[in-house]
Amino acid sequence: ERPGMSGEDQFRLMHQHFGTANEVTKSILITTYAKLANLYEECRHLALGVFLHHGNHVNVEIQQRCLEYRNMREAFSPEGVEDLLREMPPWDGREVSGLEKRLQEKEDAVANACGVTPIGNVSKKDNNSWSSTQQNPTNGEENISNGVQGEQVGSVGNLGSVDEEEEEDEAKVVEEENNDDSVVEEGVEDEDDEETDVSFSVDSHAHNTQVHEGNDELSRDVETDREDLDDVGDGDETDGPAFSIQGIPREVIPAMRKAFSNLCTSPSGVLFENHLLQIGVKHEYQGSKGRVSIFFGNVGSQQLYNFRCQVEECDHLLSQMQGTPGLLESNGENEDTDSGGCTVAVRTQAKLLLLVEVTAPFDDAPAMRITFETRPNEGEKGEIVKHEYPLRLPIVATCFMEPVTLEPGAFMQRWQSLDGQDRECQEVVRAPPNPEENGPTINEESMLRIAHIVTEGLKFGRCQGCDPTPWTVSGAATFRTGAKDLNGNNINVGCLVRVEANADAGVYRVTTRTLHPICSKAVKNVALVSIKLA
């Protein structure tokens with residue numbers, strides 16, 4: 001807790017490691033989120049998004065914690081919740097658990113039967129049976145202490161035994177189990193090494209990018225990953241068929257960035273296309289829910305083998321996926337269930353249906369990774385080429401907006417009430433160049449395009465009459481979520497936007513104000529991208 005570190009900053013600092021943590025750590029983090037939400041009110045919607053997303057987790061412990069913490073505020077009063085989530089009192093170290101008492105009684109009974117001084121009486125300062133075992137290694141327990149923890153617990157009852165043959169047999173059994181464990185561990189290490197050689201984290205650091213910045217980040221990520229993949233492919237020598245690895249070609253990136261930006265405000269279009277693959281997207285939304293259809297078409301002259309798609313799991317989105325058999329790839333939690341992919345024949349396509357529901361404000365787009373192989377035709381010489389494409393789905397915050405029409409007085413009243421640094425985002429963008437003139441042009445026609453962007457692209461209601469000049473466009477909307485408040489009502493966020501033009505300077509100023517800082521940033525980002533492409 002550094003000075004100036006808010007509760008939301010602490011949450012995001014820890015949650016950035018949630019996706020790579022094991023299940024035990026995830027359970028501890030979920031409890032930590034519940035405690036943070038109890039201390040900081042701004043963390044409640046963030047924690048609720050995690051609880052909703054993992055409420056049907058395959059791990060029972062994670063699922064149970066999410067369900068309990070999610071329903072806790074409905075079942076108990078605020079005072080009761082605060083008491084439940086309050087920090088535990090410090091342990092004074094003087095209490096002894098029932099298990100330790102039974103173990104100590106068993107040790108004393110065995111020691112008395114053998115005429116030996118009970119080990120528990122050697123040091124009254126420490127009642128811990130583990131320290132007693134270490135202090136008296138002469139009872140044949142040296143080998144057992146090297147075993148797993150469960151065998152140490154079982155061996156406490158044999159302390160002081162005079163049957164040397166039983167001790168030797170037990171030590172041999174433990175030693176054999178240790179050898180077996182070491183073999184298993186070596187096998188796991190080998191698998192990890194092998195997995196490391198062929199795994200490529202092509203989208204590891206693009207999770208928190210903004211939409212307009214995400215285009216630049218995406219291009220940089222793709223270029224970097226493409227170079228890394230090429231280096232691995234060039235240096236890999238195997239006894240089997242030769243293969244190389246290819247990422248997204250540089251010449252495709254500008255068109256890909258433009259396609260993504262267009263789809264953020266369009267219901268359908270092409271997300272990616274090269275000489276092998278064309279990816280089309282059709283998405284529609286109603287309130288907090290959306291339906292996204294993705295089509296992967298083989299436009300080349302070769303079959304695409306081991307074709308797989310992996311969609312990033314986001315805390316702010318609940319999702320269900322259904323697609324062509326073998327298409328979906330797990331997110332790494334259970335790699336044993338990963339399929340071998342599907343085969344997309346020439347002039348055919350694979351399909352993926354994605355149902356989503358937003359639970360919290362967000363300013364990034366979910367990542368999608370496509371992998372497949374191309375092979376030489378039968379009888380021909382050549383190498384196997386592995387392709388890996390890191391992409392982004394055009395699911396942005398403005399997809400879940402519902403337009404609101406306000407009277408001029410009501411709009412200005414709400415605009416002034418939302419004044420504040422944490423609620424307002426503002427940025428200036430240069431108008432797109434006019435091919436018929438040297439430089440950008442702002443006129444009545446361009447303002448009509450801006451109004452169309454606000455109403456059709458951003459899904460805002462046009463608020464006319466509140467702008468002092470014709471060079472300003474204002475709008476209002478509501479960001480819908482599926483999250484519930486304490487009364488069972490959906491949590492929604494009111495949003496306002498104004499786009500002001502300066503014809504002399506050839507620039508637009510985009511200002512957004514909402515109750516949530518992330519919403520303000522998300523709307524501004526999509527508006528900037530849309531204006532640049534207008």
Side-chain angles (χ1 to χ4, degrees), residues 1-18 21 23-92 95 97-98 287-289 313-318 357-362 400 402 414 417-418 420 422-423 478-495 514-520:
E1 294 187 0
R2 297 193 299 269
M5 178 74 73
S6 65
E8 184 173 348
D9 293 335
Q10 296 179 51
F11 179 92
R12 295 190 182 280
L13 188 63
M14 289 186 291
H15 194 60
Q16 64 181 342
H17 305 290
F18 188 88
E23 293 181 343
V24 176
T25 306
K26 286 182 179 179
S27 300
I28 298 174
L29 283 174
I30 288 172
T31 300
T32 305
Y33 298 160
K35 292 181 177 289
L36 279 176
N38 187 47
L39 291 174
Y40 305 100
E41 187 173 355
E42 65 267 22
C43 292
R44 291 183 181 176
H45 73 280
L46 299 173
L48 181 60
V50 178
F51 300 156
L52 291 172
H53 184 70
H54 297 283
N56 57 352
H57 198 278
V58 66
N59 183 276
V60 178
E61 179 66 24
I62 296 177
Q63 180 185 123
Q64 182 176 352
R65 294 195 186 200
C66 289
L67 293 176
E68 288 179 354
Y69 294 138
R70 186 182 69 184
N71 299 320
M72 184 178 291
R73 297 191 178 275
E74 300 178 2
F76 302 100
S77 63
E79 294 79 9
V81 173
E82 184 175 354
D83 290 338
L84 287 172
L85 297 178
R86 188 172 297 163
E87 63 178 349
M88 297 292 292
W91 183 58
D92 56 9
E95 297 181 359
S97 66
S288 62
K289 299 181 179 180
E313 291 185 0
C314 303
D315 294 330
H316 55 266
L317 288 177
L318 298 176
E357 182 177 13
V358 65
T359 59
F362 66 101
F400 303 95
E402 285 190 358
R414 296 190 184 186
S417 66
L418 292 174
D422 56 339
R423 296 178 177 180
T478 300
F479 176 74
R480 299 290 186 183
T481 76
K484 305 287 184 180
D485 60 14
L486 296 179
N487 297 323
N489 301 320
N490 284 54
I491 299 176
N492 303 315
V493 181
C495 306
T514 73
L515 287 172
H516 200 287
I518 294 181
C519 265
S520 300

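We number each residue from 1, following the sequence as shown. Any value given below was found using the heavy atoms of this structure, including those in side chains, with hydrogens, waters and symmetry copies removed.
In terms of heavy atoms, Tyr40 sits closest to Gln10 at OH-NE2, 3.2 Å. Taking each heavy atom of Ala483 and Leu48 in turn, the nearest pair found is CB-CD2, 3.8 Å. The heavy-atom pair separating Ser6 from Glu42 by the smallest distance is CB-OE2, 4.3 Å. Heavy-atom minimum distance, Phe479 versus Cys495: CB-SG, 4.1 Å. The two residues Leu85 and Ala34 make their nearest non-hydrogen contact at CD1-O, 3.4 Å. The heavy-atom pair separating Ala47 from Ala37 by the smallest distance is CB-CB, 4.1 Å.
Met72 CE to Leu67 CG: the interatomic distance, rounded to the nearest 0.5 Å, is 11.5 Å. Rounding to the nearest 0.5 Å gives a distance of 7.5 Å between CZ of Arg44 and CG of Leu486. In this structure, the separation between OG1 on Thr359 and CZ on Phe51 is 12.0 Å, given to the nearest 0.5 Å. Distance check: Phe11 CZ to Cys43 SG gives 7.0 Å after rounding to the nearest 0.5 Å. The distance from the CD atom of Glu8 to the CD1 atom of Ile518 is 5.5 Å, given to the nearest 0.5 Å. The CG atom of Asn56 sits 11.5 Å away from the CD1 atom of Ile62 when rounded to the nearest 0.5 Å.
Every residue two or more places apart in sequence or in another chain that forms a side chain to side chain donor-acceptor pair (under 3.5 Å) with Ser520 is listed here: Thr514. Applying the salt bridge (charged side-chain N to carboxylate O under 4.0 Å, His left out) rule to Glu68 yields no partners; only residues at least two apart in sequence or on another chain are considered. In this structure, the side chain to side chain donor-acceptor pair (under 3.5 Å) partners of Lys484, at least two apart in sequence or on a different chain, are Asn490. With sequence neighbours left out, Phe76 forms a ring pair (Phe, Tyr, Trp, His ring centres under 6.0 Å) with no residue at all. With sequence neighbours excluded, the residues forming a ring pair (Phe, Tyr, Trp, His ring centres under 6.0 Å) with Phe400 are Tyr285, listed by chain and number. For His45, the ring pair (Phe, Tyr, Trp, His ring centres under 6.0 Å) partners at least two apart in sequence or on another chain are His516.
In this structure a side-chain-to-backbone donor-acceptor pair under 3.5 Å is missing from Asn487 to Asn489. Looking only at distances, no side-chain donor or acceptor of His53 sits under 3.5 Å from a matching main-chain atom of His316. Between the side chain of Gln63 and the backbone N or O of His57, at least one donor-acceptor pair lies under 3.5 Å. Judged purely by atom type and a 3.5 angstrom limit, Arg423 has no side-chain atom pairing as donor or acceptor with the backbone of Leu515. Using modelled atom types, one side-chain atom of Gln16 and one backbone atom of Leu13 make a donor-acceptor pair closer than 3.5 Å.
With contacts defined as side-chain heavy-atom distances shorter than 4.5 Å, the pair Cys314/Phe362 does not qualify. Using a 4.5 Å heavy-atom cutoff, the side chains of Asn59 and His54 are not in contact. Counting heavy atoms from C-beta outward, Arg480 and Val358 have side chains that stay 4.5 Å or more apart.
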Run the side chain to side chain contact (heavy atoms under 4.5 Å, CB included) check on Leu29 and His17 step by step: do they pass? CA-CA 10 Å; Leu29 283 174; His17 305 290; 5.7 Å; no
Working note: Leu52 + Glu357, criterion side chain to side chain contact (heavy atoms under 4.5 Å, CB included); need CA distance, chi angles, decisive distance, verdict. CA-CA 11 Å; Leu52 291 172; Glu357 182 177 13; over 6 Å; no
